[in-house]
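Here the structure is laid out as structure tokens; the discussion comes afterwards.
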Amino acid sequence: MGAPDDRSEGRGDLNRPRRDIRRVSDTRGELNRSRHDTLRASLRRIWGLVYRHVALYRRSWPRLVELMYWPILQMVVWGFITTYVAGMQPGTGAVAAGALLGAVLLWEIALRGQMGFALSFLEEIWSRNLGHVFVSPLRPRELVAALMTMSVIRTAVGVVPAMLLAWLLYGFGIFTLGPAVVGFFAALIMMGWAVAMLVTALILRHGAGAEALAWSVLFGITPFAAVFYPVSVLPAWLQPFSLAIPAAHVFEGMRGALIGGHMAWDHLAYAFLLDAAWLAVAAWVFMRQFEGARVRGALLNIGE
Amino acid sequence: MTPPALLIENLAKTYPARKGAAPPKPAVDGLSFTLPQGATWGLLGGNGAGKTTTIAMLLGLLVPSGGRVLALGHDMATDRFAALARMNFSSPYVALPHRLSVAENLRIYAHLYDISDTEARIAELARDLQLGDLLDRPAGQLSAGQKTRVALAKALINRPALLLLDEPTASLDPDTGDWVRSWLERYRAESGCAILLASHNMAEVERLCAHVLMLKEGKIVDQGSPEALIARYGREDLEQVFLDIARGTRAETAEVT
């Protein structure tokens with residue numbers, strides 16, 4: 001025990017009657033809350049969990065560097081590859097190079113979005129803090145909202161420097177795709193959240209054994225998500241599977257804008273529809289596993 | 001009418017069986033008790049008696065197989081978040097993020113419990129629990145005694161009407177343990193908070209608790225005030241009563257009140 005001198009001072013305090021300890025909270029505050037108060041309290045709880053992660057990043061620059069490291073490295077490697085390809089075949093090569101760089105940047109959004117959600121949840125497990133979090137009034141939907149917020153923050157910190165680098169080094173501006181690029185970002189990060197929710201559900205079900213999926217799962221989807229080539233390249237039997245992935249529509253839309261010069265809004269609409277379906281399924285699975293963990297007692301020793 | 005801090009009726013928990021294994025025994029088997037507002041009760045039992053399972057069900061971390069938990073008048077099966085806003089919990093086995101400072105940790109929980117005067121509340125707790133010099137230090141760099149004080153500050157951040165404490169003085173030296181017990185005694189008296197205390201320290205339970213629930217194999221095998229239990233078993237202290245019950249030498253013959 002540190003500060004024994006503090007304790008002896010404290011023991012003196014203990015013997016004095018105190019007037020500044022207020023009586024315990026009463027029920028009326030909770031019962032009489034207006035809808036506005038309820039929403040404000042909910043946002044505050046979400047912020048509480050976001051603050052926990054922001055505070056961690058604020059005092060650890062290596063963690064910030066780690067967020068930017070892979071997206072920047074990817075951009076540098078792919079930037080040189082596309083420069084080489086564009087040099088080999090001016091014209092079509094340059095267009096293909098732009099499509100490749102755009103794909104790298106946009107896929108990083110999905111990857112970082114998914115990892116940002118799942119790793120923020122894992123941080124709670126690693127710090128053995130989930131017991132405190134789950135006995136607070138934080139609702140599961142607020143936990144999900146906080147993890148989504150962290151996912152957006154981590155993705156922005158990780159991908160924005162890579163975007164700037166693509167513009168400075170290779171003259172590729174992702175925003176030349178027009179306002180639809182915001183829709184692309186949103187559709188991809190939403191897909192990342194859906195996958196991350198499924199990963200989190202698996203962690204709730206299988207504990208630490210499922211942790212590795214937080215890093216690897218989205219890489220397994222890459223070949224079918226039409227990131228670097230159109231869906232038509234895939235075998236016919238695989239194409240319906242590919243078209244059920246929201247990202248495939250985003251990348252088809254991106255290539256349409258970059259190569260064909262027209263924005264395929266229908267693809268963006270499909271991407272959002274599929275995202276809604278994926279998120280609904282993922283939320284259902286997450287809640288089932290969360291309640292299952294409460295039945296099995298897994299919340300008591302998750303991560304051990 | 002003010003509801004009791006806890007109303008427990010036939011609470012039971014049997015963990016799901018593992019594939020291929022025999023059906024497990026109930027971890028908790030038909031607990032019923034009523035913890036009045038403002039009282040400190042003890043939950044005693046050997047390892048595997050069902051204390052942790054019981055506390056987890058009272059906190060909503062674990063779904064009971066049967067029975068009912070009413071915490072501060074709220075049914076934990078249907079309305080647990082209303083109760084959780086007015087409850088809190090401390091255990092040396094659940095950590096706080098160790099890279100964050102003490103103040104940051106307390107701020108997180110002030111947000112989670114929607115405390116309106118966050119900084120004033122943290123300052124108040126820092127003064128009460130002598131955390132002033134620790135507020136800017138990472139939680140992971142504190143000694144066991146300092147961590148206990150920080151954990152108590154976290155547990156009191158929302159001025160809980162019901163406080164569940166799991167071995168609050170485990171691994172503390174006698175001096176620090178005594179400080180914590182004195183602090184809890186004074187806090188309960190001045191705040192009116194009800195406390196349910198799980199502990200293996202019988203002297204602590206004798207000192208703090210007005211009533212003790214003795215658990216064995218998931219059931220309450222005896223209960224009463226520490227003095228009544230000691231008298232009933234003809235022993236000198238609660239530790240000897242605990243040993244009688246744990247070893248089965250007297251529990252079956254003692255009359256459950």
Side-chain angles (χ1 to χ4, degrees), chain A residues 1-4 6-11 13-27 29-31 37 40-42 44-52 55-56 58-60 123-124 127-139 142 291-292 294-297 299-300, chain B residues 13 15-16 52-53 56 59-63 72-73 81-82 84-89 91 93-101 104 107-114 124 128-130 133-134 142-146 154 158-161 172-173 175-176 179 182-183 185-187 190-193:
Chain A
M1 167 73 185
D6 282 352
R7 279 204 316 278
S8 31
E9 186 187 318
R11 185 165 292 115
D13 285 352
L14 289 170
N15 295 328
R16 278 204 310 270
R18 294 283 307 274
R19 295 193 184 85
D20 56 342
I21 290 185
R22 278 162 48 179
R23 302 293 291 181
V24 295
S25 57
D26 62 36
T27 50
E30 187 71 24
L31 295 176
D37 286 343
R40 188 197 50 74
S42 178
R44 183 116 190 263
R45 287 190 290 270
I46 292 168
W47 166 241
L49 217 54
V50 172
Y51 171 81
R52 175 247 191 280
L56 193 62
R58 205 173 51 186
R59 62 173 61 242
S60 174
E123 287 272 7
E124 299 293 350
S127 62
R128 294 174 56 233
N129 185 43
L130 270 181
H132 285 312
V133 169
F134 286 139
V135 302
S136 79
L138 185 84
R139 278 70 166 165
E142 293 163 350
E291 291 306 319
R294 287 183 65 223
V295 170
R296 293 189 309 277
L299 297 183
L300 301 173
Chain B
K13 180 66 187 180
Y15 288 100
T52 303
T53 298
L59 288 164
L61 275 177
L62 191 59
V63 179
L72 303 164
F81 296 111
L84 289 173
R86 302 178 54 230
M87 294 166 66
N88 217 313
F89 162 70
S91 164
Y93 308 113
V94 182
L96 294 168
H98 59 274
R99 287 195 181 85
L100 299 183
S101 72
E104 286 167 340
R107 224 167 269 141
I108 291 167
Y109 288 95
H111 291 311
L112 290 180
Y113 285 91
D114 193 24
E124 189 182 357
D128 276 0
L129 289 155
Q130 283 117 52
D133 295 339
L134 307 179
L142 304 179
S143 67
Q146 289 166 334
K154 174 262 155 189
N158 60 331
R159 297 185 180 89
L172 298 185
D173 66 60
D175 188 26
T176 312
W179 186 91
S182 300
W183 198 91
E185 278 177 321
R186 195 200 69 196
Y187 181 79
E190 294 185 354
S191 70
C193 170

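Chain naming here is simple, since letters A, B, ... match the order of the sequence lines and numbering starts at 1 in each.
Looking at A:Val50, there are no atoms closer than 4.5 Å to chain B (heavy atoms on both sides), in backbone or side chain. For B:Tyr15, the part sitting under 4.5 Å from any heavy atom of chain A is the side chain, from C-beta outward, and nothing else. Neither the backbone nor the side chain of B:Thr53 has a heavy atom closer than 4.5 Å to any heavy atom of chain A.
B:Val94 and A:Gly131 get closest at one heavy-atom pair: CG1-CA, 4.0 Å. Across every non-hydrogen atom of A:Pro137 and B:Ala85, the tightest pair is CG-CA, 3.5 Å. In terms of heavy atoms, B:Tyr109 sits closest to A:Asn129 at OH-OD1, 2.6 Å. Across every non-hydrogen atom of A:Ser127 and B:Pro97, the tightest pair is CB-CA, 4.0 Å.
Side-chain contact between B:Leu100 and A:Arg52 is present, with at least one heavy-atom pair separated by less than 4.5 Å.
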After noting the C-alpha distance and the side-chain angles of B:Leu62 and A:Arg294, does the key distance pass the side-chain contact (heavy atoms from CB on, under 4.5 Å) rule? CA-CA 5 Å; B:Leu62 191 59; A:Arg294 287 183 65 223; over 6 Å; no
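With sequence neighbours left out, the side-chain contact (heavy atoms from CB on, under 4.5 Å) criterion links A:Ser136 to A:Leu138, B:Leu112, B:Tyr113. Every residue meeting the salt bridge (Lys or Arg N to Asp or Glu O under 4.0 Å) condition with A:Arg59, not counting sequence neighbours, appears here in chain and number order: B:Glu104.
Note on B:Leu61, B:Thr52, B:Leu59: by heavy-atom pairs under 4.5 Å with chain A, the leading option is B:Leu61.
The aromatic rings of B:His111 and A:Tyr51 sit perpendicular to each other, their planes meeting at more than 60°, with 30° as the lower class boundary.
Counted within 6.0 Å of CZ on A:Arg296, heavy atoms from surrounding residues, nucleotides or ligands total more than 12; the atom is thus considered enclosed.
Side chain of B:Lys13 to main chain of A:Gly297: no donor-acceptor pair is present (N/O by atom type, distance under 3.5 Å, no hydrogens or angles).
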